[in-house]
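Because the structure is predicted, anything quoted here is derived from the model rather than measured.
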Amino acid sequence: MARIAKRLVGPVAFTAATATLYTVPAGTKTIIRHIHVSNPSATPYTFTLCIGLDAAGKRIFDAFQIPGAAAGVTASVVDHYCYYVLETAEVLTGFASNTAVTVTVDGDESILS
């Protein structure tokens with residue numbers, strides 16, 4: 001089994017409605033290891049991130065508030081170090097209360113033999 005460490009998502013702006021951010025490719029298992037969310041604006045916003053289609057029981061973050069950036073600071077960030085295993089065809093979905101909020105996801109893809 002070949003394992004490839006890579007950026008899986010982004011950096012990309014969230015949309016206002018639930019959108020698929022990543023789909024595990026066929027014949028692959030993915031481990032999400034790091035989620036980085038950034039808010040460069042001065043206004044606090046919320047974001048929601050799910051493994052699977054949006055539903056209360058699938059949310060990693062549920063309307064989680066990310067503060068606005070303080071004066072003189074480039075952005076307010078949330079760094080979530082994790083170990084989420086996703087199987088072939090599973091998806092990572094999300095949305096935010098404003099498109100200023102961006103997300104980057106890093107992990108490993110393992111090609112199943």
Measure across [X] and [Y] and return the closest heavy-atom pair with its distance rounded to 0.1 Å.
{"X": "Leu8", "Y": "Asp106", "value": "CD1-C, 4.1 Å"}
{"X": "Glu87", "Y": "Val85", "value": "OE2-CG1, 4.0 Å"}
{"X": "Phe14", "Y": "Gly94", "value": "CD2-C, 3.8 Å"}
{"X": "Ser76", "Y": "Ile66", "value": "O-CD1, 3.4 Å"}
{"X": "Ser38", "Y": "Pro40", "value": "O-CD, 3.8 Å"}
{"X": "Gly52", "Y": "Lys58", "value": "CA-CD, 4.3 Å"}

Exercise for review: Report yes if the distance between the aromatic ring centroids of Phe47 and Phe64 is under 6.0 Å, otherwise no.
Suggested key: yes

Side-chain heavy atoms nearer than 4.5 Å, only ILVMFWY residues, links allowed to pass through others: does that put [X] and [Y] together?
{"X": "Ile31", "Y": "Leu21", "result": "no"}
{"X": "Val101", "Y": "Val12", "result": "yes"}
{"X": "Val103", "Y": "Val24", "result": "yes"}
{"X": "Ile35", "Y": "Val78", "result": "yes"}
{"X": "Val9", "Y": "Ile51", "result": "yes"}

Got a second to check how far [X]'s [atom1] is from [Y]'s [atom2], nearest 0.5 Å?
{"X": "Lys29", "Y": "Glu90", "atom1": "NZ", "atom2": "CD", "answer": "10.0 Å"}
{"X": "Tyr22", "Y": "Leu86", "atom1": "OH", "atom2": "CG", "answer": "7.5 Å"}
{"X": "Thr18", "Y": "Phe95", "atom1": "OG1", "atom2": "CZ", "answer": "4.5 Å"}
{"X": "Cys50", "Y": "Ile60", "atom1": "SG", "atom2": "CD1", "answer": "7.5 Å"}
{"X": "Tyr81", "Y": "Arg33", "atom1": "OH", "atom2": "CZ", "answer": "13.0 Å"}

**Study point:** side chain to side chain contact (heavy atoms under 4.5 Å, CB included), paired with Asp62, selected from Leu49, Thr46, Asp54, Thr48
**Key:** Thr48

Does the [X] side chain pair with the main chain of [Y], one donor and one acceptor, at a distance under 3.5 Å?
{"X": "Thr99", "Y": "Ala13", "answer": "no"}
{"X": "Thr93", "Y": "Ala19", "answer": "no"}
{"X": "Asn39", "Y": "Pro67", "answer": "yes"}

**Study point:** Ile111 side chain reached by Ile4 side chain, heavy atoms, under 4.5 Å
**Key:** yes

